[in-house]
Amino acid sequence: VRRKLIAANWKMYGSCTRVQDFLEALIPRVDPAGPEVVVCPPYTLLPVAVMVATGSPVAIGAQNCHWAEEGAFTGEVAAPMLAELGVRWVIVGHSERRRLFGESDETAAQRAAAAQRAGLSVIFCLGETLEEREQGHTFAVLERQSKALEGLEPNVLAVAYEPVWAIGTGRTATPQQAQEAHVFLRRCLAELFGDSAADTVRVLYGGSVNPGNAAVLLSEKDVDGALVGGASLDVGSFSDIIRSAPEPPTGA
Ligand code: 13P
């Protein structure tokens, strides 16, 4: 049975005091026997976030990393630098990076590999645009994007299905649309890693997740968690989302 994973993507929001207050309020509400919880604030907030979360059931993640270990890459941050801080996760290939910052399947793959080499776990994002969905290309896009996962270590990998049309729009995928895409992605994972490894990789849903829709999405069999943007900035709504994950079946 896959343990649910609920991750907060703060995007370019927050401040040191805000992330400290958020984590101090969140940590006592997190049940260590419940879903795994990861909070991904902007780079500059990572040291304070790690400091507050150390020893708690909340792990801290970054929102990107470079593919080189070091080098002349002004403005970039290398995966070993994140690992040194105590960061445990990194989001790679988010659609905002693909759309606004020239991220491709190839560069996302390289960043993910570098993150894993540095000992970080990866949340690899993919998903179709509205136009791609309307033209019936959803599965072809997901298959192409998921090929970038080849060669990664499945034990320290989660995939986030984030349909671009659902991000920041208030328009979520229906539970059926999410489940169907997740089953398809798991089949792609099985091609890459074999059936048993594919069975262990968590496939998260992202796109306008909120306390009102999280429970139905998370109760789908192949929806193994959520990557939450806007609703993760408020500790009340983020902890409500965590709490809405169904209990794992006992004895499993
Ligand atoms: P929203 O939850 O704000 O739609 O953002 C989703 C997202 O992009 C998470 O990575």
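In this chain, residues are counted from 1 in sequence order. For ligands, and for the atoms within them, numbers begin at 1 and follow the listed sequence.
Using a cutoff of 4.0 Å between basic side-chain nitrogens and carboxylate oxygens, Asp222 and Arg2 are scored as salt-bridged. Between Arg243 and Asp240 a salt bridge is recorded (basic side-chain N to carboxylate O distance below 4.0 Å). Using a 4.0 Å cut-off between charged nitrogen and carboxylate oxygen, Glu36 and Lys4 do not count as a salt-bridge pair. A salt bridge links Asp105 and Arg98; the closest N-O separation between the charged side-chain nitrogens and carboxylate oxygens is under 4.0 Å. A salt bridge links Arg111 to Glu103: at least one charged side-chain nitrogen sits closer than 4.0 Å to a carboxylate oxygen.
Which parts of ligand 1 touch His94 is read off a 4.0 Å heavy-atom cut-off, strictly below it: atoms 7 (C), 8 (O), 9 (C), 10 (O). Within ligand 1, counting atoms from 1 as listed, the ones closer than 4.0 Å to a heavy atom of Gly207 are 4 (O), 6 (C). If you number the atoms of ligand 1 from 1 as listed, the ones under 4.0 Å from a heavy atom of Ser208 come out as 1 (P), 2 (O), 4 (O). When each atom of ligand 1 is checked for a heavy atom of Asn9 under 4.0 Å away, the hits are 9 (C), 10 (O).
Heavy-atom separations between Ala166 and ligand 1 include at least one value shorter than 4.0 Å. Assignment of Gly206 to the shell around ligand 1 is not supported, since no heavy atom sits closer than 4.0 Å.
Checking only distances, Ala231 never comes within under 3.5 Å of ligand 1, N or O to N or O. Close N/O approach between Glu96 and ligand 1 is not found [any backbone or side-chain N/O within under 3.5 Å].
The hydrophobic cluster containing Leu204, built from Ile/Leu/Val/Met/Phe/Trp/Tyr side-chain heavy atoms closer than 4.5 Å, also comprises Leu5, Val38, Trp89, Ile91, Ile123, Leu227.
No more than 12 heavy atoms of other residues, nucleotides or ligands lie within 6.0 Å of OH in Tyr13, so this atom counts as exposed by the packing criterion.
Residue-level proximity to ligand 1 for Leu227 is carried by backbone and side chain together, each with a heavy atom below 4.0 angstrom.
Distance from atom 5 (O) of ligand 1 to its nearest protein heavy atom, with residue and atom name: Lys11 NZ, 3.2 Å. Protein heavy atom closest to atom 2 (O) of ligand 1, with residue, atom name and distance, is Gly229 N, 2.9 Å. The protein heavy atom nearest to atom 3 (O) of ligand 1 is Gly230 N, 2.8 Å. For atom 9 (C) of ligand 1, the closest non-hydrogen atom of the protein is Glu162 OE2, 2.9 Å.
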Derivation of the side chain to side chain donor-acceptor pair (under 3.5 Å) call for Tyr161 and Glu128: CA-CA 9 Å; Tyr161 170 57; Glu128 81 287 359; 3.0 Å; yes
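Judged by the 6.0 Å and 45° rule, Arg117 forms no cation-pi pair with Trp67.
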